[in-house]
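A short write-up of the structure that comes next.
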Amino acid sequence: MNIEEFRDYCIAKKGVEETFPFDKVTLVFKVLGKMFALTSLDDTDFSVNLKCKPEYAEELREKYLSIKPGYHMSKKHWNTIEIFKNEVPDSLIKELIDLSYRLVVEKLPKNQQNLLNEL
């Protein structure tokens with residue numbers, strides 16, 4: 001997966017916007033204002049941060065050398081996936097994007113979840 005495929009996959013989800021809240025190179029994807037994915041446009045080594053269930057995050061880190069605790073994020077709830085190493089299959093990356101999105105949506109207030117379902 002390359003950065004364009006990552007962006008296209010994230011932006012296609014309901015209620016998603018891409019923003020640069022930190023600087024001009026950190027691309028952040030939000031669902032109804034809540035972050036679920038981010039990456040740096042500046043790095044030559046493409047990696048992404050995605051939210052994850054804590055127990056699953058640990059399991060993934062044990063299985064894949066290129067999945068690490070979230071860089072500059074909660075180490076318990078976020079993973080950094082070093083995509084440039086080509087170790088993690090694209091299908092799993094997509095599953096992890098979906099999971100991150102779902103985890104954020106589940107924490108949204110019910111009225112926002114309903115709004116999202118109407119889009």
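We use all heavy atoms of the structure for the numbers below, so side chains are in, but hydrogens, waters and symmetry mates are not.
- Hydrophobic clustering (side-chain heavy atoms under 4.5 Å, transitive across Ile, Leu, Val, Met, Phe, Trp, Tyr) keeps Leu65 apart from Leu96.
- Between Val28 and Phe36 there is no side-chain heavy-atom pair separated by less than 4.5 Å.
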Decide side chain to side chain contact (heavy atoms under 4.5 Å, CB included) for Glu5 and Met1; before the verdict, give the C-alpha distance in whole Å, the side-chain angles of both, and the deciding distance to 0.1 Å.
CA-CA 6 Å; Glu5 292 167 326; Met1 175 176 284; 3.9 Å; yes

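- No chain of hydrophobic side-chain contacts below 4.5 Å, direct or via other Ile, Leu, Val, Met, Phe, Trp or Tyr residues, connects Leu99 to Met73.
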Before you tell me yes or no, could you show the steps for Lys53 and Leu103 under side chain to side chain contact (heavy atoms under 4.5 Å, CB included), namely the whole-Å CA-CA distance, both residues' side-chain angles and the distance that decides it to 0.1 Å?
CA-CA 8 Å; Lys53 293 181 179 179; Leu103 289 171; 3.9 Å; yes

Trp78 vs Tyr71, test: side chain to side chain contact (heavy atoms under 4.5 Å, CB included). Steps then yes/no.
CA-CA 8 Å; Trp78 289 81; Tyr71 181 71; over 6 Å; no

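- With hydrophobic clusters built from ILVMFWY side chains whose heavy atoms lie under 4.5 angstrom apart, Phe20 shares a cluster with Phe46.
- Residues Asn79 and Pro69 fail the side-chain proximity criterion, which asks for heavy atoms closer than 4.5 Å.
- Side chain of Glu17 to main chain of Lys30: no donor-acceptor pair is present (N/O by atom type, distance under 3.5 Å, no hydrogens or angles).
- When all heavy atoms are compared, the tightest approach of Ala57 to Cys52 is N-SG, 3.6 Å.
- Smallest separation of non-hydrogen atoms from Val104 and Met35: CG2-O, 3.4 Å.
- Considering CG of Asp98 and NZ of Lys94, their distance stands at 9.5 Å, rounded to 0.5 Å.
- Closest of all the heavy-atom pairs between Ser47 and Glu82 is CB-CA, 3.8 Å.
- Few gaps surround NZ on Lys85; more than 12 heavy atoms of other groups in view lie less than 6.0 Å from it.
- Geometrically, Lys13 engages Tyr101 in a cation-pi contact defined by less than 6.0 Å to the ring centre and at most 45° from the axis.
- For the atom pair CD (Glu118) and CD (Gln113), the distance works out to 12.5 Å, reported to the nearest 0.5 Å.
- Looking only at side-chain heavy atoms (C-beta outward), Leu27 and Ser40 stay at 4.5 Å or farther from each other.
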Could you go step by step and tell me if Lys68 and Arg61 meet the side chain to side chain contact (heavy atoms under 4.5 Å, CB included) rule?
CA-CA 6 Å; Lys68 304 190 178 313; Arg61 293 171 196 167; 5.7 Å; no

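- For the pair Val88/Ile83, no side-chain contact is recorded, criterion being any heavy-atom separation below 4.5 Å from C-beta on.
- More than 12 heavy-atom neighbours from other residues, nucleotides or ligands sit within 6.0 angstrom of NZ on Lys14.
- In the hydrophobic clustering of ILVMFWY residues, with side-chain heavy atoms under 4.5 Å counting as a link, Ile11 and Leu41 come out together.
- Residues Tyr9 and Phe29 place their aromatic rings such that the two centres sit no closer than 6.0 Å.
- With rounding to the nearest 0.5 Å, the separation of CD in Glu106 from NZ in Lys51 is 10.0 Å.
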Could you walk me through whether Ser66 and Glu87 pass the side chain to side chain donor-acceptor pair (under 3.5 Å) test, one step at a time?
CA-CA 7 Å; Ser66 57; Glu87 177 191 19; 2.5 Å; yes

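- For the side chain to side chain contact (heavy atoms under 4.5 Å, CB included) with Val48, the qualifying choice from Thr80, Leu38, Ile97, Ile81 is Ile81, the only one to do so.
- The same ILVMFWY cluster, assembled from side-chain heavy atoms under 4.5 Å apart, contains both Tyr56 and Ile67.
- With contacts defined as side-chain heavy-atom distances shorter than 4.5 Å, the pair Leu92/Tyr64 qualifies.
- Looking only at side-chain heavy atoms (C-beta outward), Thr26 and Asp23 come within less than 4.5 Å of each other.
- Remark: Arg102 CZ to Glu95 CD distance equals 9.0 Å, nearest 0.5 Å.
- Using a 4.5 Å heavy-atom cutoff, the side chains of Arg7 and Glu18 are in contact.
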